[in-house]
Amino acid sequence: IDRKEWADLEPVPQDDGPNPVVKIAYSEKFSDVYDYFRALLKNDERSERAFALTAEAIELNAANYTVWHYRRVLLQALSKDLREEMRYITAIIEEQPKNYQVWHHRRMVVEWLNDPSEELEFIADILSQDAKNYHAWQHRQWVIQEYKLWDNELEFVENLLEDDVRNNSAWNQRHFVISHTTGFSDPAIVEREIQYCLSQIKKAPHNESAWNYLKGMLQDRGLSSPPGLLERVLELKDTHCSPYLLAFLFDCYEDALENSNQKENVGEEERKETLRKALEICELLAQEKDTIRKEYWLYLGRSLKSKSGISSPSDESPEPSVPASGQQEMS
Amino acid sequence: SAETRPEFEQIDFLRDRHVRFFQRTLQVLPERYASLETTRLTIIFFALSGLDVLDALDVIDRNVMIEWIYSLQVLPTEDQSNLSRCGFRGSSHIGIPYSTKGPGVLHPYDSGHVAMTYTGLCSLLILGDDLSRVNKQACLAGLRALQLEDGSFYAVPEGSENDIRFIYCAASICYMLDDWSGMDIQKAIEYIRGSLSYDNGFGQGAGRESHGGWTYCAIASLCLMGRLEEALSQRELDRIRRWCIMRQQTGFHGRPNKPVDTCYSFWVGATLELLDVFQYTNFDKNRSFILSTQDRLVGGFAKWPDSHPDPLHAYLGLCGLSLIGEPSLRKVHAALNITQRAFQHLQQLQQTWKDSTVNNNVHFGV
């Protein structure tokens with residue numbers, strides 16, 4: 001800090017009282033910058049020197065939201081060049097891409113400029129460094145939705161899934177794009193998406209994201225509703241098995257049982273068989289394919305049995321109303 | 001048992017190291033922690049609640065802590081013109097002179113931050129304070145000023161990002177102050193429902209990727225509001241249970257196909273507890289993972305093994321262990337994220353508030 005230039009201002013130190021807690025030990029240089037920042041803030045000074053100081057304060061601590069807010073006040077009060085500010089914030093985000101304040105600042109500047117033209121490319125660059133950066137994806141969704149930039153996003157998503165078919169953020173973006181454009185009501189779209197999912201699953205069977213997408217798309221329309229879907233999944237059971245495939249089958253059987261309650265032409269034998277298959281899946285998951293969730297799969301089996309109202313010869317006594325806890329004791 | 005495990009897999013819980021980790025956190029941190037300046041009150045919360053979980057609050061000077069926290073309260077000015085900016089600050093970074101009593105100082109940029117009001121109140125409760133110096137009406141006015149039309153909250157009245165994290169902070173504040181005039185519950189519920197993803201986890205807002213932290217915020221908020229089963233159907237709750245329980249790999253991760261991280265043993269574990277299915281997770285694997293991130297030298301826990309510990313992961317690692325019943329750790333209230341002990345103190349406080357209201361009504365013939 002050039003003392004001459006700031007001679008008119010009395011620096012304001014931080015005051016934590018007689019017994020500071022979680023005190024951060026700042027160097028003299030750091031305290032200097034922030035002591036003058038506090039002085040400017042107190043007077044609400046609107047000047048070039050204040051604007052310049054915010055950059056120094058940001059360099060020392062880019063998470064200080066008050067500094068960013070004050071900088072925005074100055075950007076407007078001094079009619080600063082917002083294009084230059086875009087360049088500035090671009091550089092900062094590249095250095096610190098997981099900071100909430102810098103992304104919020106960028107959003108504000110984009111809104112003031114009413115110009116999203118750099119955003120998709122910029123975010124793509126950030127994602128090329130970390131394809132799952134939550135801030136980046138959030139900003140991307142905001143830009144696309146606010147400025148209606150849907151056109152090339154499905155292609156962008158598919159390229160990312162080519163790079164990494166297990167990128168859950170990209171699968172989420174796929175759902176985001178389609179639900180806001182064509183939607184999922186058209187059977188042709190649903191079929192296209194089913195095929196897309198199954199082909200990705202064939203390439204990489206152990207991928208929760210693909211299965212979550214498939215189930216998520218269909219769960220409210222009825223998992224057993226697309227004709228032949230159950231069979232297509234059963235085809236994969238031996239060669240491309242995973243806990244997610246088996247869970248999907250369980251959900252299909254559960255769905256079928258629920259719907260068959262309303263259907264006259266579904267006989268008791270058919271319902272019993274569906275339940276039997278569902279419980280077989282639970283056993284397989286609990287004992288072999290997803291043992292970490294053993295207790296959960298057993299609990300699900302008990303719940304389904306109880307809900308289905310189907311009794312079997314092996315039932316000696318009424319089902320317990322509270323499923324038994326299978327948890328191991330901590331000694 | 002510890003004796004039969006191979007030496008490289010030491011999983012004993014080093015209680016004393018963690019106590020000292022939190023003690024040091026409460027003292028002085030080096031300059032490289034500068035980015036924590038505006039959130040220092042949350043760091044106090046992690047340390048105090050961590051010590052509480054360890055049943056080691058006797059190592060700190062409660063009164064010193066209480067005074068410092070009250071110095072962070074943004075109180076109404078003489079003319080009450082700043083009510084919509086009241087609450088608690090994260091630290092003294094704005095430069096307001098130290099004071100633990102009102103009236104508030106008029107300053108163009110001084111206002112509370114919703115996460116600091118939340119952790120400030122929790123910290124006072126943990127320290128056994130009776131909140132009598134909290135200006136509750138001012139806090140609630142400050143809170144109301146932060147809620148948007150869509151039901152979410154800003155962090156500060158000057159504006160910030162808005163999302164589900166701050167709904168959780170708001171719900172916690174209203175719950176602790178036993179006063180829901182601080183927020184429009186219905187709108188908050190709509191925002192929460194809107195954040196439910198196609199895969200049955202919750203994102204930070206509509207359309208966003210589901211995530212263990214935001215799922216905790218959603219479910220815990222609904223529980224604090226007492227609206228869990230009103231806001232979500234049984235079918236939805238079962239689907240959410242499934243999403244959550246699939247997060248366990250050894251410990252827990254926050255999103256599908258991401259690496260496990262100690263803090264999710266709490267975020268996801270507590271959510272599963274609130275949904276009554278935590279008992280069906282694998283305690284042994286969860287415990288082994290959390291302890292693999294324990295720093296055997298300086299104490300605390302890190303997000304991953306062989307990484308540096310930090311106060312957040314140290315605290316949430318302990319909470320994760322508490323959920324699975326680690327002996328010597330106090331039980332944690334899953335929705336409010338304080339110990340059951342601190343929660344009982346809150347309940348007693350709230351009872352005295354109710355009793356005094358009744359007495360006042362009787363006295364004044366209401």
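Basis for what follows: all heavy atoms, side chains included, without hydrogens, waters or symmetry-related copies. Chain letters run A, B, ... following the sequence lines, proteins first and then strands; every chain starts at 1.
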Which bit of [X] is near chain A, if near means a heavy-atom gap under 4.5 Å: side chain, backbone, both or neither?
X: Val277(B); value: side chain
X: Gln204(B); value: both
X: Thr250(B); value: backbone
X: Ser71(B); value: neither
X: Arg239(B); value: side chain
X: Ala155(B); value: neither
X: Ile96(B); value: backbone
X: Ser197(B); value: side chain
X: Pro108(B); value: side chain
X: Arg32(B); value: neither
X: Asn286(B); value: neither

What part of [X] gets within 4.5 angstrom of chain B, counting heavy atoms only: side chain, backbone, both, or neither?
X: Leu60(A); answer: backbone
X: Trp171(A); answer: both
X: Asn212(A); answer: both
X: Ala247(A); answer: both
X: Lys42(A); answer: both
X: Asp164(A); answer: neither
X: Glu208(A); answer: both
X: Gln173(A); answer: neither
X: Tyr26(A); answer: both

Closer than 4.0 angstrom, basic N to acidic O: yes or no for [X] and [Y]?
X: Lys132(A); Y: Glu209(B); answer: no
X: Arg174(A); Y: Glu153(A); answer: no
X: Asp110(B); Y: Arg85(B); answer: no
X: Asp35(A); Y: Arg38(A); answer: yes
X: Arg40(B); Y: Asp16(A); answer: yes
X: Asp163(B); Y: Arg165(B); answer: yes
X: Arg107(A); Y: Glu146(A); answer: no

Item to complete: Verify the neighbour count for atom CD of Glu111(A): are there more than 12 heavy atoms of other residues, nucleotides or ligands below 6.0 Å?
Response: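 Yes, enclosed.
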
Quick one: of [options], who has the most non-hydrogen atom pairs under 4.5 Å with chain B?
options: Gln219(A), Arg72(A), Lys294(A), His69(A); answer: Gln219(A)
options: Tyr70(A), Trp137(A), Tyr34(A); answer: Tyr70(A)
options: Leu298(A), Val12(A), Thr66(A), Asp44(A); answer: Asp44(A)
options: Ser169(A), Ser179(A), Ser209(A); answer: Ser169(A)
options: Ile24(A), Asn19(A), Asn61(A), Leu300(A); answer: Ile24(A)
options: Asp251(A), Val73(A), Ile292(A); answer: Ile292(A)

Worksheet item: Taking the six-membered ring for Trp, are the ring centroids of His104(A) and Trp68(A) within less than 6.0 Å of each other?
Response: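 Distance test on ring centres: not under 6.0 Å, no.
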
Discussion item. In this structure, is the centre-to-centre distance between the rings of Phe22(B) and Phe46(B) below 6.0 Å?
Written reply: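 Phe46(B) vs Phe22(B): aromatic centres not under 6.0 Å.
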
Worksheet entry | Residue pair Asn207(A) / Asn257(B), side-chain donor-acceptor N/O under 3.5 Å |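 Yes, because at least one side-chain N or O of Asn207(A) sits under 3.5 Å from a partner of the opposite role on Asn257(B).
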
Worksheet item: Regarding Asp290(A) and Trp297(A), is there a side-chain donor-to-acceptor distance under 3.5 Å anywhere?
Response: yes

Discussion item. Set out, in order, the CA-CA distance, both residues' side-chain angles and the distance that settles ring pair (Phe, Tyr, Trp, His ring centres under 6.0 Å) for His175(A) and Tyr198(B), then state yes or no.
Written reply: CA-CA 8 Å; His175(A) 192 277; Tyr198(B) 65 88; 4.2 Å; yes

Can you tell which of [options] has the highest number of heavy-atom pairs within less than 4.5 Å of chain A?
options: Thr25(B), Thr38(B), Asp199(B); answer: Thr38(B)
options: Gly95(B), Gly90(B), Ser111(B); answer: Gly95(B)
options: Glu161(B), Arg208(B), Glu67(B); answer: Arg208(B)
options: Met65(B), Arg242(B), Glu158(B); answer: Arg242(B)
options: His107(B), Glu37(B), His113(B); answer: Glu37(B)
options: Gln27(B), Arg241(B), Met246(B); answer: Met246(B)

Discussion item. Classify the ring geometry of Tyr134(A) against Trp214(B): parallel below 30°, tilted from 30° to 60°, perpendicular beyond 60°.
Written reply: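 Ring orientation, 0 to 90° scale: perpendicular.
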
Fill in: side chain to side chain donor-acceptor pair (under 3.5 Å) partner of Tyr264(B), chosen from His211(B), Arg255(B), Lys303(B)
His211(B)

Fill in: Residues Glu31(B), Lys29(A); criterion salt bridge (charged side-chain N to carboxylate O under 4.0 Å, His left out); working and verdict
CA-CA 11 Å; Glu31(B) 188 180 286; Lys29(A) 178 184 178 214; over 6 Å; no

Fill in: cation_pi(Arg247(B), Trp243(B)) dist<6.0 Å, angle<=45
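Yes, Arg247(B) sits over the ring of Trp243(B).
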
Worksheet entry | Residues forming a ring-ring contact (aromatic ring centres under 6.0 Å, His included) with His206(A), sequence neighbours excluded | Tyr244(A)

